[in-house]
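Computed from heavy atoms alone, side chains included, the values below leave out hydrogens, waters and symmetry copies.
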Amino acid sequence: MKAIAYGELSKPEHIELIRNSISDANDLLHRFSGVTLEELAVEIAMVRLALRIAPHIRGHVHVQTNPYYSYSTESTIVNALRIVQLFQHLQPGFEQSRICIKIPSTWEGMMACRALEMAGVRTLATTLFTMSQAILAAEVGCTYIAPYVNQLKVHYEPGFKDPNKLLPLCVSIQKHYKSINAKTKVLPASLTSTNEIYALAGVDHITIAPDLLKQLSQPNSAPQMESLFDSDVPLAISVAQQSFVNDEAAYRIAFTRDLHGASEEKLTQASLDEAINIFCDMQDKLVQLMKSNMG
């Protein structure tokens, strides 16, 4: 989300949106403590982009919290509520039920999701790589989860291909959710090919980049592989019956021991940290973009 926002806001046609966001941030800064002018301007700009998209889609619009708050429950909650307030300020009457806040799937982030969902704010647990994260996300009541099919660096490191794509995990999570009647929906992200999309045909929702949508619209884009939902993907969830929501220590151990795919060399904490680090880089670029446009 941060990378998408930076890529979009960097376009020359959005210079007026950026300037208006900076002006709004100057006017509103006194209402919010613990946030810089630049950070507030970034949030306003992201909300403005979401409001532009809203008339053209059904369902939720998504805005991500500041990734620098990924390991602070309190800061994440404050950030999420501020984003909801910004929606209402910029477009009074906008339905809160359409706002969904994207929050990294750390323990602290999940606890923030729990509090927000209880307060009526919809959440999406992003940067999700493991079944233990998925179990906790359902327990705290997240509206969505976004399992990352590929590590984020496939989009930033030329030539890198993820050797352990998490396609089967997405299927396994959804089957588990169905078995427990969870309200949480699976929304895979970080896909790199139409084959990956076809492999997940049948998933609740899916994130598809514009280039892949164009490929899917071509006449010769027939599926090159069957959906994993039509095959015998095992649930493969040894921790499925465990509850983590009231046992932070058990969750952290399960998460630490849950390997990324079949690789015994990469622990999931490294994948999570890497994703959050990339998000922080994008946050820095967004802040710098705002600074460069201030008088």
Which residue pairs satisfy the ring pair (Phe, Tyr, Trp, His ring centres under 6.0 Å) criterion with at least one member in residues 35-65, sequence neighbours excluded? His60-Tyr144, His62-Tyr144

Within the structure provided, determine whether Ile99 and Val63 are in side-chain contact (heavy-atom separation under 4.5 Å). no

Between CG on residue Asn195 and CG on residue Leu212, distance to nearest 0.5 Å: 10.5 Å

With a 4.5 Å heavy-atom cut-off, do Met46 and Leu86 have their side chains touching? no

Checking Thr126 side chain against Ile103 main chain: does a donor-acceptor pair fall under 3.5 Å? no

Is there a side-chain contact between Ile173 and Leu128 (heavy atoms, below 4.5 Å)? yes

Is there any side chain to side chain donor-acceptor pair (under 3.5 Å) pair reaching into residues 284-295, and which pairs are they, with sequence neighbours excluded? Tyr68-Asp284

Taken in chain and number order and not counting sequence neighbours, the residues that satisfy side-chain contact (heavy atoms from CB on, under 4.5 Å) with Glu13 are Lys11

Euclidean distance, Leu200 CG relative to Tyr198 OH, rounded to 0.5 Å: 13.0 Å

Strictly by modelled atom types, are Glu274 and Ser271 linked by a side-chain donor-acceptor pair under 3.5 Å? no

Just to verify, what does Glu39 make a side-chain hydrogen bond (donor to acceptor under 3.5 Å, both in side chains) with, not counting sequence neighbours? Asn66, Tyr69, Arg82

So, using side-chain contact (heavy atoms from CB on, under 4.5 Å) as the criterion, who are the partners of Lys161 when residues are at least two apart? none

Taking the side chain as C-beta and beyond, is there a heavy-atom pair between Ser132 and Leu136 under 4.5 Å? no

OG (Ser70) and CG (Leu272) are apart, to the nearest 0.5 Å, by 7.5 Å

Per-pair distances, 0.1 Å, donor-acceptor, side chain in residues 113-123, under 3.5 Å, sequence neighbours excluded:
{"unit_1": "Glu117", "atom_1": "OE1", "unit_2": "Arg122", "atom_2": "NE", "d": "3.1"}
{"unit_1": "Glu117", "atom_1": "OE1", "unit_2": "Arg122", "atom_2": "NH2", "d": "2.9"}
{"unit_1": "Glu117", "atom_1": "OE1", "unit_2": "Lys183", "atom_2": "NZ", "d": "3.1"}
{"unit_1": "Glu117", "atom_1": "OE2", "unit_2": "Thr123", "atom_2": "N", "d": "2.8"}
{"unit_1": "Glu117", "atom_1": "OE2", "unit_2": "Thr123", "atom_2": "OG1", "d": "2.9"}
{"unit_1": "Glu117", "atom_1": "OE2", "unit_2": "Thr143", "atom_2": "N", "d": "3.1"}
{"unit_1": "Glu117", "atom_1": "OE2", "unit_2": "Thr143", "atom_2": "OG1", "d": "2.9"}
{"unit_1": "Arg122", "atom_1": "NE", "unit_2": "Thr143", "atom_2": "OG1", "d": "3.2"}

In chain order, what residues pass the side-chain hydrogen bond (donor to acceptor under 3.5 Å, both in side chains) check against Glu108, with sequence neighbours excluded? Arg252

Using the side-chain contact (heavy atoms from CB on, under 4.5 Å) criterion, which residues pair with Ser227? Sequence neighbours excluded. Ala201, Phe229, Asp230

Which distance, rounded to the nearest 0.5 Å, do you find between the OG1 of Thr106 and the OH of Tyr71? 6.0 Å

Show your reasoning for whether side chain to side chain donor-acceptor pair (under 3.5 Å) applies to Glu196 and Asn150. CA-CA 10 Å; Glu196 293 172 2; Asn150 294 277; 3.1 Å; yes

How long is the straight-line distance from CD1 of Ile180 back to NZ of Lys175, given to the nearest 0.5 Å? 15.5 Å

ring-ring contact (aromatic ring centres under 6.0 Å, His included) filter on His14, not counting sequence neighbours, yields none

Sequence neighbours left out, what passes salt bridge (Lys or Arg N to Asp or Glu O under 4.0 Å) with Glu139? Give chain and number order. none

Within the 4.5 Å heavy-atom criterion, are Val287 and Met290 side-chain neighbours or not? no

At what distance, to the nearest 0.5 angstrom, does CD1 of Ile83 lie from CD1 of Ile44? 11.0 Å

Hey, does Ile145 have a side-chain heavy atom less than 4.5 Å from the side chain of Leu187? no

Leu40 vs Leu28 side-chain heavy atoms within contact, under 4.5 Å: yes

Matching residue for Trp107 among Phe255, Tyr251, Phe244 - test: ring-ring contact (aromatic ring centres under 6.0 Å, His included): Tyr251

Any side-chain donor-acceptor pair under 3.5 Å between Lys2 and Gln283? yes

Is it true that Lys178 and Asp204 make a salt bridge, defined as a side-chain N closer than 4.0 Å to a carboxylate O? yes

Contacts of His89 meeting ring-ring contact (aromatic ring centres under 6.0 Å, His included) (sequence neighbours excluded), chain-then-number -> none

Heavy-atom nearest pair, Arg98 first then Ala54, reads NH2-O, 3.1 Å

Flag the pair Lys153 / Asn277 as yes when at least one side-chain heavy-atom distance between them is below 4.5 Å, and no otherwise. no

Just to verify, what does Leu51 make a side-chain contact (heavy atoms from CB on, under 4.5 Å) with, not counting sequence neighbours? Val47, Phe87, Leu90, Gln91, Phe94

